[in-house]
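Since the model is a prediction, treat every value here as computed from it, not as a measurement. Letters go in sequence order (proteins before strands), and every chain restarts at 1.
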Amino acid sequence: MSDYFPAEIIVEIFSRLPVKSLIRFRCVSKTWCSLISSHDFIKMHLNRSLSSTKNPPYLIFRHYDDKMEKEWFTLLSSNDPFPHNHFSKHLDCKWVFREHNRRVLEKQMEKKGFFAYPSDFKELHFPYRSFMKQNLYIVGSSNGLVCLLNDTPDDQTDLVALLWNPSIRKSIFLPCPGVKFHPSLHPMQYIGFGYDPITDDYKLVRLVYLYDLFDQYSDGKKYFPVPDFQIYTLRTGAWRTITGHSCQNIADQSFSVFLNGSVHWFGHTREHNGDFHNANSASHNVILSFDIGNEDFHEMAVPKSLEEVHRFNMKVAVLDGLLALVPYRDQAFGGFCSVWVMKEYGVAETWTKLFNINFGNVLGFTMNGEVLVTKSGKLRIYDPNSQRTLNPHIHAQPESFYFDTYMESLVLLNVEDGVEESLVPQFESLFYGH
Amino acid sequence: MSNTSENPNPSSSSAKMTLKTSDNELFEVEEAVAMKFCTVKQYFEDEKDSDVAARGSTTVIPLPNVHSAVLTMLISYGKKLPQSNAVADNHEEEETKKKERKKYEQGLLKNLMPGELLDLISAANYLDFKEGLEFFNQALADHIQNKSVEYVRKFFGIKNDYEPHEEEKYREEYAWAFEGIECWLIGELKQFMAKTKTLDIAGTLLGIKPALIVASFSVRGLNSLDSNILKPEMIAPGENILAAWINAIGPTGLDSNT
């Protein structure tokens with residue numbers, strides 16, 4: 001290598017390159033390959049990406065397309081995921097202001113759908129499919145890594161998880177936690193995924209509640225939380241069980257968000273005399289949070305008007321970097337929801353209601369303030385300022401919608417699959433490849 | 001209209017210093033700009049006795065690793081940056097200056113040869129010119145981002161130490177990373193090819209049958225040493241040559257040949 005180009009400058013230049021270029025340039029020479037694959041460089045590249053843009057540049061979007069019978073993973077721009085001119089620039093329809101032609105355009109849009117025209121998104125290559133031919137459950141994503149789960153077949157009540165980095169097209173299977181539960185109690189798992197910057201590590205946390213299906217053990221309480229939980233860390237490549245820090249609160253929804261170093265679920269407090277089905281005045285809604293760094297549980301209060309258990313369904317979300325709570329009523333009960341944000345993290349008094357949406361349920365938020373909602377099973381984009389709704393014409397099963405913010409990174413590049421060779425074929429049959 | 005009229009030339013109050021390049025050219029630079037080169041700044045901080053004005057006018061700072069052409073560009077880039085001793089501008093002036101700088105940066109990059117970027121970066125690194133390094137590093141990253149592996153090797157003068165089968169395996173495994181990249185243009189290729197080529201003398205070859213015959217219509221040529229000797233210095237085949245021509249015009253110009 002030229003002697004006036006010290007490695008520090010080369011690495012500086014590398015840190016400014018996109019992931020695809022870096023993967024290609026590993027082929028330039030063995031020195032470059034080891035520079036790019038080194039843990040320090042991966043971290044440097046990640047830090048530069050994290051600090052340079054205030055907001056992540058992409059949204060990762062997953063849906064199962066009915067018409068094309070295909071599961072899609074795509075990257076959309078996080079500012080404008082479904083641009084208004086997406087169709088008119090592709091469909092052969094001049095004079096869009098003429099009524100007749102507008103109808104023709106709409107018919108074509110309806111027929112072909114957003115994902116038939118690839119200019120506004122980047123398709124991601126995902127090599128696995130769920131054993132059950134259902135969508136894989138996506139736990140969350142952090143620093144370019146996406147964590148997915150598969151439901152295991154009934155005879156195995158264990159967890160099969162996958163960490164996937166779409167930008168380098170690499171995935172690794174995680175080993176099973178291997179914890180056994182009482183055979184007549186049905187375990188319900190709640191998983192969270194996040195990043196700990198202090199140890200520079202990615203962790204999964206697993207909470208299990210045992211459901212007493214036949215009322216045999218719990219004195220009518222139905223659920224009891226297991227007094228321990230499991231954590232997986234990427235650096236060790238193994239699960240460990242933490243005992244003695246039982247979480248007394250119960251998560252209601254498996255959906256979790258990772259924000260400010262903690263995983264959050266919506267749940268309620270469990271009073272000792274209380275029973276899951278009968279709302280006890282002592283029991284109230286709460287946000288359950290797990291600090292990924294310190295590995296302990298906390299709770300955060302919800303707005304006073306939303307404390308009553310079972311009055312609404314609720315989910316947690318992230319809006320513009322703030323923790324959001326979305327109480328909603330299903331379509332059957334009128335179908336509306338509202339959006340609350342906690343303006344100052346951790347300070348319950350700062351819960352503020354932003355707006356109502358008189359139809360549908362919120363899926364998530366874009367960077368320019370639009371809301372993705374599902375209305376009667378169809379995806380719509382709602383602008384709370386103008387109160388206008390846009391139909392992006394996406395043909396999909398509503399349960400299959402998932403999206404989250406995403407940024408590219410090199411994480412996982414230097415990690416080898418932590419699972420023993422003998423177990424991989426077993427997993428691959430659960431996630432069978434194309 | 002604006003505040004700058006009260007202080008038309010903020011740098012007139014500051015001292016100038018002289019920098020000497022590797023090709024012995026002298027550059028008089030305002031202190032505000034020269035101080036952006038931290039190596040230069042360090043040079044002064046090491047000398048604690050004399051005051052700035054005296055130092056600036058007398059001392060010549062040698063920069064043996066920097067060529068004058070490169071220093072010219074670095075100085076003119078340095079001048080466009082916000083000066084640390086300038087009067088604080090209001091928001092409007094700041095925006096105008098930012099726009100000017102962006103325009104200047106775009107113009108600079110347009111006229112720059114990629115190879116010059118390497119010189120600029122290595123000089124900026126030697127001078128510890130942080131803003132310059134930031135800008136030129138980004139420019140270089142943008143330049144190589146979509147280029148092929150071969151281009152990058154030639155550009156940085158890197159030898160490929162992979163075995164052919166290793167490289168092929170890598171390219172196959174990560175084929176997606178090699179798609180959609182820029183093809184190397186012939187013009188750019190020429191930049192990096194050697195400017196001179198040497199012909200090795202093969203020596204006298206004996207025993208070749210049949211011996212090559214010069215065509216009857218060819219000139220034998222006069223020998224440069226003695227015009228009485230009819231023997232060419234160099235000779236090349238002239239019959240049955242296949243040459244290339246463009247599609248638009250046939251080789252002979254006849255209609256039958258297009």
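Ion pair A/Arg16/A/Glu12 flagged as a salt bridge, since at least one NZ, NE, NH1 or NH2 atom sits closer than 4.0 Å to an Asp/Glu carboxylate oxygen. Salt bridge present: B/Arg153 and B/Glu167 bring a charged side-chain N and a carboxylate O closer than 4.0 Å.
Considering B/Leu74, B/Thr72, B/Thr18 as possible partners of B/Phe27, the one that fulfils the side chain to side chain contact (heavy atoms under 4.5 Å, CB included) test is B/Thr72.
Aromatic ring centres of B/Tyr77 and B/Phe136: separated by under 6.0 Å.
Contacts between B/Tyr174 and chain A at a heavy-atom distance below 4.5 Å involve the side chain alone, from C-beta outward. Contacts between B/Val149 and chain A at a heavy-atom distance below 4.5 Å involve backbone atoms as well as side-chain atoms. Interface residue B/Tyr170: only side-chain heavy atoms are found under 4.5 Å from chain A. For chain A, the nearby parts of B/Glu134 are the backbone and the side chain; heavy atoms of each come within less than 4.5 Å. Only the side chain of B/Ile181 has a heavy atom closer than 4.5 Å to any heavy atom of chain A.
Residue B/Glu168 qualifies as open at atom CD: its count of foreign heavy atoms under 6.0 Å is 12 or below. More than 12 heavy atoms of other residues, nucleotides or ligands shown are found within 6.0 angstrom of NZ on A/Lys30.
Of the residues considered (A/Ile13, A/Val19, A/Val28), A/Val28 shows the highest number of contacts with chain B, using heavy-atom pairs under 4.5 Å. Of all the listed residues (B/Leu133, B/Ile121, B/Asp142), the one sharing the greatest number of non-hydrogen pairs under 4.5 Å with chain A is B/Ile121.
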